[in-house]
Amino acid sequence: MDFVHIDSFPALLTDEGRRLLDLLADHVAADELSLATRLRRDHDPELIAAALTQTRLRQRGRAKFPGDADRMFFTPDGLEQATRTSVAELRAGRFAEGAGIERVADLCCGIGGDAIALARAGIAVHAVDRDPLTCAVARANARALGLADLMTVECADVSEVALDGCDAVMIDPARRTARGRTFDPESYSPPFSFLTTLAERVARGAAKVAPGIPHEIVPAGMEAEWVSDRGDVKEAVLWWGDLARARVSATRLPLGDRLSSRAATRQAPVGPVRRYLYEADGAVVRAHLIAELAEEVDGTLIDETIAYFTSDRLVGLRLTSVYEITDVLPFNLKKLKAVLRERGVGNLTVKKRGSAVEPEEVRRRVKPTGPHAATVVLTRVAGAPTMLITRPVAGAG
Ligand SMILES: C[S@@+](CC[C@H](N)C(=O)[O-])C[C@H]1O[C@@H](n2cnc3c(N)ncnc32)[C@H](O)[C@@H]1O
């Protein structure tokens with residue numbers, strides 16, 4: 001269990017601490033014991049322990065902060081809660097495009113994931129967090145990345161911070177309590193009601209919320225944007241003032257493809273299974289924008305509760321993958337095994353929506369062998385558990 005202590009953290013920022021961190025950059029866990037023994041000849045054991053912990057965190061941080069993690073500082077919680085660079089850059093880009101936005105308050109800044117991206121977009125950031133160690137880490141990150149001129153860090157409760165002089169505000173409340181992750185927006189720290197009053201105090205801003213936020217609590221006039229990165233929905237963010245560009249939107253990274261609607265969301269019609277299966281990105285599903293996409297191909301849902309639609313038309317749609325359906329079969333793994341064997345399918349992809357069966361279980365039971373590829377979709381069609389055997393479509397944009 002990694003633990004970063006506020007008393008030993010400053011030593012990592014000294015010349016000796018930095019040299020030690022450089023030395024350890026690519027160490028592997030298996031070597032830790034012998035390394036620590038060797039280093040004890042020249043360094044304080046507490047510093048060595050702190051450097052080893054920091055190195056492990058940096059190595060873990062590479063996934064979220066590619067290119068930066070090896071120069072950054074983390075706490076375990078700070079790393080876990082930080083906004084990854086790709087998503088933070090997307091958000092910072094919208095702030096940077098806002099007319100006259102030169103200074104942003106980043107409330108609940110954590111170790112600085114969002115603040116760093118804002119500063120890199122050329123915006124001066126006043127970052128606030130109430131945890132002293134987290135603030136020390138955020139300051140260290142600003143210096144390590146050459147952004148100290150653009151970033152100030154204040155250790156305070158955000159409810160007590162004056163926001164005069166800020167052109168816009170960003171808030172990313174903590175979404176975990178002592179008992180773990182919380183899904184109740186009023187249990188965020190600070191609570192959701194603080195976010196909504198913040199919008200009354202500062203004319204423009206953004207608040208990061210959990211992707212599961214109920215649509216009905218999004219205040220009137222705000223845009224709720226769901227963001228996915230490489231297929232996984234990462235977060236939702238509420239925009240207000242002239243930073244809001246729609247009522248709901250979905251953005252898929254890494255390319256930033258976007259789908260949005262100014263109106264309240266609608267339910268797509270349901271119909272029989274047709275030739276092409278369209279699978280919208282999770283951000284589109286969360287944003288309830290399936291009907292907008294289905295309309296573009298005269299598509300219909302296969303079930304009123306499932307976010308797959310089919311159409312006889314083959315069109316490359318934004319934020320959507322498309323498959324050609326070769327078979328529609330009632331759910332039966334024996335039958336699936338027989339069909340796939342007959343077709344020599346060894347390269348099997350299993351997808352599911354609305355099915356409790358685990359893809360791994362299917363692969364284990366079906367034991368695919370052969371030179372061909374197929375994707376099987378476990379789902380429900382008009383309420384009935386169904387297997388759709390599909391193949392990828394060439395030329396669907
Ligand atoms: C989700 S993290 C922020 C992550 C950050 N956006 C990033 O990308 O690194 C939430 C932070 O809010 C801080 N926090 C929670 N309640 C607070 C409050 N009332 N005042 C100030 N900070 C608070 C926590 O200490 C935690 O660091």
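Counting starts at 1 for both ligands and their atoms, following the listed order. The residues of the chain are indexed from 1 along the displayed sequence.
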**Item:** N or O contact, S189 vs ligand 1, cut-off under 3.5 Å
**Value:** yes
**Prompt:** Can you name the residues that form a ring-ring contact (aromatic ring centres under 6.0 Å, His included) with W240, not counting sequence neighbours?
**Reply:** none
**Prompt:** To which protein heavy atom is atom 19 (N) of ligand 1 closest, and what is the distance rounded to 0.1 Å?
**Reply:** D157 OD1, 3.2 Å
**Prompt:** Which atoms form the tightest heavy-atom contact between L79 and L57, and what is the distance?
**Reply:** CD2-O, 3.6 Å
**Asked** Under the criterion salt bridge (charged side-chain N to carboxylate O under 4.0 Å, His left out), which of R204, R247, R245, R258 is the partner of E223?
**Response** R258
**Item:** Per-atom contacts, ligand 1 versus D114 - under 4.0 Å to a heavy atom
**Value:** 6 (N), 7 (C), 8 (O)
**Item:** Pairwise side-chain contact, E304 with Q267, heavy-atom cut-off 4.5 Å (strictly under)
**Value:** yes
**Message:** Less than 4.0 Å is my threshold; does some heavy atom of V128 fall inside it relative to ligand 1?
**Reply:** no
**Message:** Starting from atom 2 (S) of ligand 1, what is the nearest protein heavy atom, named by residue and atom, and what distance separates them?
**Reply:** Q81 OE1, 3.4 Å
**Asked** Applying a strict 4.0 Å limit to heavy atoms, is C109 in contact with ligand 1?
**Response** yes
**Message:** Do V248 and L317 sit in one hydrophobic cluster, given that two such residues count as connected whenever their side-chain heavy atoms are within less than 4.5 Å of each other, even indirectly?
**Reply:** yes
**Fill in**
Under 4.0 Å from one or more heavy atoms of G112, ligand 1 contributes atoms 9 (O)
**Message:** Assess, by modelled atom type and distance only, whether the side chains of R274 and T300 contain a donor and an acceptor separated by less than 3.5 Å.
**Reply:** yes
**Prompt:** Between S159 and D157, is any side-chain donor less than 3.5 angstrom from a side-chain acceptor?
**Reply:** yes
**Request:** Between D131, L107, T134, D129, flag the one that comes closest to atom 25 (O) of ligand 1 by a heavy atom.
**Result:** D129
**Fill in**
T83 heavy atoms within 4.0 Å reach ligand 1 at atoms 6 (N), 7 (C), 8 (O)
**Request:** Looking only at protein heavy atoms, identify the closest one to atom 9 (O) of ligand 1 and say how far it is in Å.
**Result:** G113 N, 2.9 Å
**Asked** Of all the heavy atoms in A115, does at least one lie under 4.0 Å from an atom in ligand 1?
**Response** no
**Numbered atoms of ligand 1 (with element) below 4.0 Å of A156, judged on heavy atoms** = 20 (N), 21 (C)
**Item:** Nearest protein heavy atom with distance in Å, relative to atom 20 (N) of ligand 1
**Value:** V158 N, 2.9 Å
**Message:** Count I, L, V, M, F, W, Y as connected when their side-chain heavy atoms are under 4.5 Å apart, and connections chain through other members. Are V284 and Y278 then in the same cluster?
**Reply:** yes
**Request:** For R266, look at atom CZ and say whether over 12 heavy atoms of other residues, nucleotides or ligands are found less than 6.0 Å away.
**Result:** yes
**atom 12 (O) of ligand 1: the protein heavy-atom neighbour that sits closest, reported with distance to 0.1 Å** = C108 CB, 3.1 Å
**Prompt:** What is the closest protein heavy atom to atom 18 (C) of ligand 1, and at what distance does it sit?
**Reply:** R130 CD, 3.7 Å
**Asked** Within the side chain of T55, is there an N or O that forms a donor-acceptor pair under 3.5 Å with the backbone of T53?
**Response** no
**Request:** Tell me which part of A88 gets within contact of ligand 1: side chain, backbone, both or neither, using heavy atoms under 4.0 Å.
**Result:** neither
**Complete:** Numbered in order shown, the ligand 1 atoms found under 4.0 Å of a heavy atom of D172 are 1 (C), 2 (S), 3 (C), 4 (C), 5 (C), 6 (N), 10 (C)
**Request:** Spell out, yes or no, whether L195 and L243 are grouped together once hydrophobic residues are joined by side-chain heavy atoms under 4.5 Å, including indirect joins.
**Result:** no
**Asked** In terms of atom number and element, which parts of ligand 1 are under 4.0 angstrom from non-hydrogen atoms of I111?
**Response** 9 (O)
